[in-house]
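The first residue of the sequence shown is numbered 1, and numbering continues consecutively from there.
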Amino acid sequence: MSEGTHTVTPGGNPASVIFKAACPDCRGRFELAAGALRLAIGASDRTTFYSFTCPDCGSAVRKPAGERIVELLTGGGVRTLRLHPTV
């Protein structure tokens, strides 16, 4: 995902936010709606990531999500799962 790259289509509805992403396997570049992405927020940077399925090759893609990416994705309506640490 290109950091800071999202577009709100007319109406400003979070469901209409489009994110630019790329696949590390096939190197495809494409746009994904918020519903095509998932965000997992863990206790550390290593356990916070977003994921999607590449529309070009079908690969499951998982990428780390820093603070700015988390902010963009949550603000854009991406479904979020909060991971709880096991003790």
Can you give each donor-acceptor pair under 3.5 Å made by side-chain atoms of residues 37-46, sequence neighbours left out, with the distance rounded to 0.1 Å?
| from | atom 1 | to | atom 2 | distance (Å) |
| --- | --- | --- | --- | --- |
| R38 | NH1 | G35 | O | 2.8 |
| S44 | OG | R46 | N | 3.3 |
| S44 | OG | T47 | OG1 | 3.4 |

Return the minimal non-hydrogen interatomic distance between [X] and [Y], and the atom names on each side.
{"X": "F19", "Y": "G76", "answer": "CZ-CA, 3.9 Å"}
{"X": "A21", "Y": "L32", "answer": "CB-CD1, 4.0 Å"}
{"X": "Y50", "Y": "P64", "answer": "CE2-O, 3.6 Å"}
{"X": "A36", "Y": "F52", "answer": "O-CB, 3.4 Å"}

Nearest-0.5 Å distance that lies between atom OG1 in T74 and atom CZ in R79:
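Atom-to-atom, T74:OG1 and R79:CZ are 15.0 Å apart.
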
Side-chain atoms of residues 53-61: list all donor-acceptor pairs with protein atoms under 3.5 Å, sequence neighbours left out, distances to 0.1 Å.
| from | atom 1 | to | atom 2 | distance (Å) |
| --- | --- | --- | --- | --- |
| S59 | OG | D25 | OD2 | 2.9 |

Can you run down the ring-ring contact (aromatic ring centres under 6.0 Å, His included) pairs that involve residues 56-77, sequence neighbours left out, and say none if there aren't any?
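Applying ring-ring contact (aromatic ring centres under 6.0 Å, His included) to every pair that reaches into residues 56-77, excluding sequence neighbours, yields nothing.
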
Honestly curious: do L72 and F49 fall in one hydrophobic cluster under the side-chain, below-4.5 Å linking rule?
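No, L72 and F49 fall in different hydrophobic clusters.
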
Treating K63 as the side-chain partner and A22 as the backbone partner, does any N or O pair qualify as donor plus acceptor under 3.5 Å?
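Pair found, side chain donor or acceptor close to backbone of A22.
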
